[in-house]
Amino acid sequence: MALGTLADAPRDLVNEIRHLEELFTVGTAKLKEITNHFVNELTKGLTVEGGSIPMNPTWVMSQPTGYETGSYLALDMGGTNLRVCQVTLTEQKSEFDIIQSKYRMPEELKTGDAEELWEYIADCLQQFIETHHGNASKLDKIPLGFTFSYPATQNYIDEGILQRWTKGFDIAGVEGRNVVPMFEAALARRGVPIKLTALINDTTGTLVASAYTDPKMKIGCIFGTGCNAAYFEDFGSIPKLADVKVKPETPMAINCEWGAFDNEHLVLPRTPYDVAIDRDSPRPGQQAFEKMIAGLYLGEIFRLILVDLHDKKDVNIFAGQDISKLRKPYTLDSSFLSAIEEDPFENLSETLELFQSKLNISPSLPELELIRRTAELIGTRAARLSACGVAAISIKKGYKTCHVGADGSVFNKYPHFKARGAQALREILDWPAKENPNDEDPIEIMAAEDGSGVGAALIAALTLQRVRAGIMHGILNKENFL
Ligand code: GLC
């Protein structure tokens with residue numbers, strides 16, 4: 001926003017905007033500092049001692065060729081919906097057919113009882129199979145790739161141990177336990193004819209699905225309710241897997257769980273609002289990076305700022321108005337900020353309507369300008385910090401050029417997220433100015449293929465393939481592959 005438009009704003013609001021700009025702007029030098037630390041943390045996470053980023057091996061040990069075939073089920077337990085897909089990888093290179101159903105994930109389930117969660121999921125799967133395959137009990141078991149997008153270790157001793165819930169989930173009795181037998185028991189109780197072939201993370205699915213159609217894709221990212229990435233490492237660079245007897249150049253997809261970056265608070269420019277978000281979250285001290293970037297938190301950061309500016313005696317925005325709706329935690333999601341950033345009108349009339357209808361507040365024009373600038377600052381900071389992670393993986397792997405497949409509501413729907421991230425990558429990696437505005441960047445973050453559908457099916461296919469070839473690393477239930 002041009003400075004001039006603030007000319008009529010009361011002095012105290014101008015000062016507040018300046019202050020927020022100082023808090024939320026991440027300059028090039030800081031981006032570089034964060035990226036350097038990130039590279040070290042990625043490496044540390046691969047060692048036996050480990051670091052704050054888990055760097056979970058996924059046991060996806062090959063890249064797709066585009067020639068995978070077969071029919072698979074894919075289940076995605078995301079933040080808002082449960083999605084079930086039947087994916088057919090066709091004979092034609094890189095092609096697939098997909099049918100899918102979505103089921104709403106009841107809000108109470110996210111903080112309820114583990115048993116109810118698994119029962120609900122099993123019910124949805126049963127419904128899907130009955131609709132698309134007729135009488136379930138007469139069928140051979142269908143291979144399923146389950147996208148479970150939380151930090152879960154996957155190795156041959158303890159496949160599927162949930163390290164901790166993220167993204168606002170808080171279901172007792174699951175953390176520290178293996179989710180696979182819980183899920184399988186719920187299926188068995190109903191006689192659902194499914195064999196769980198692969199438990200996958202959404203980022204790994206995104207990486208593999210994108211590489212299936214575009215071999216230049218080297219990194220898969222999710223910028224959605226949560227924020228995370230996966231990439232292919234080679235065994236030779238993973239000291240914590242030194243005892244697995246494979247050639248050092250064998251690939252292994254790593255689910256970074258980079259949301260945990262800087263949990264020690266060494267480099268990220270946290271503001272008092274970030275500190276408050278963390279303090280009041282179900283898991284304080286965890287997911288420091290994610291809490292500054294992911295969709296779940298962007299609206300909440302914004303809400304905390306506005307409440308603070310209302311409560312400050314010398315600022316007191318929305319003076320004399322009832323802000324009780326605004327006081328309710330997590331009432332605003334990132335689509336609220338998107339709508340503010342998309343308001344095309346000089347007088348921000350759409351933002352005014354949004355505040356009136358959703359929050360029962362009528363901001364003055366200077367207040368609307370502060371609101372718009374605050375949304376821009378939060379959205380820009382998120383995009384710029386995200387770029388540090390992408391730059392760090394690229395530097396670690398020595399990728400000078402590649403494609404990065406990205407998915408998630410923030411990437412797909414938040415205005416300017418892609419352009420702001422690209423600008424930050426340019427600053428971090430010191431790229432010269434583009435000769436032609438239509439040229440691709442050396443490292444281009446672009447829309448990914450469907451990771452939790454096609455990606456999950458592909459990973460099921462790749463896993464079956466290698467098990468048939470006798471490569472059993474990471475396989476817990478051999479009977480699921482017979
Ligand atoms: C959270 C989860 C992670 C997931 C990401 C994106 O960070 O911990 O597993 O990949 O959100 O959904």
Check whether any side-chain heavy atom of [X] lies under 4.5 Å from a side-chain heavy atom of [Y], and answer yes or no.
X    : Y    : answer
L73  : I129 : yes
E41  : W258 : no
M217 : M446 : yes
V179 : V174 : yes
F24  : T380 : no
K325 : T331 : no
R177 : M182 : yes
H310 : R327 : yes

Around K312, counting heavy atoms of other residues, nucleotides and ligands shown, do more than 12 lie under 6.0 Å from its NZ? yes
Considering residues, nucleotides and ligands other than K413, do more than 12 of their heavy atoms fall under 6.0 Å from its NZ? no
Check whether E33 reaches the backbone of V267 with its side chain - one donor and one acceptor, N or O, closer than 3.5 Å. no
Kindly say whether T351 contributes a backbone atom to a donor-acceptor pair with the side chain of D343 at under 3.5 angstrom? yes
Presence of salt bridge, [Y] and [X], under 4.0 angstrom:
X    : Y    : result
E130 : R190 : no
E376 : R372 : yes
K216 : E444 : no
E290 : K167 : no
R283 : E175 : yes
R270 : D278 : yes

Could you label the plane-to-plane angle of the F355 and F302 rings as parallel, tilted or perpendicular, counting under 30° as parallel and over 60° as perpendicular? perpendicular
Can you classify the ring geometry of F146 versus W118 as parallel (below 30°), tilted (30 to 60°) or perpendicular (above 60°)? perpendicular
Would Q321 and S362 count as a side-chain hydrogen bond (donor to acceptor under 3.5 Å, both in side chains) if you check the C-alpha gap in whole Å, the side-chain angles of each, and the deciding distance to 0.1 Å? CA-CA 8 Å; Q321 301 198 48; S362 295; 4.5 Å; no
Are the aromatic rings of F183 and F148 close, with centres under 6.0 Å apart? no
Taking all atoms of both residues into account, what is the closest heavy-atom pair of I305 and I378, and its distance? CD1-CD1, 4.0 Å
Value rounded to 0.5 Å, distance of OG1 in T204 from CZ in F232: 8.5 Å
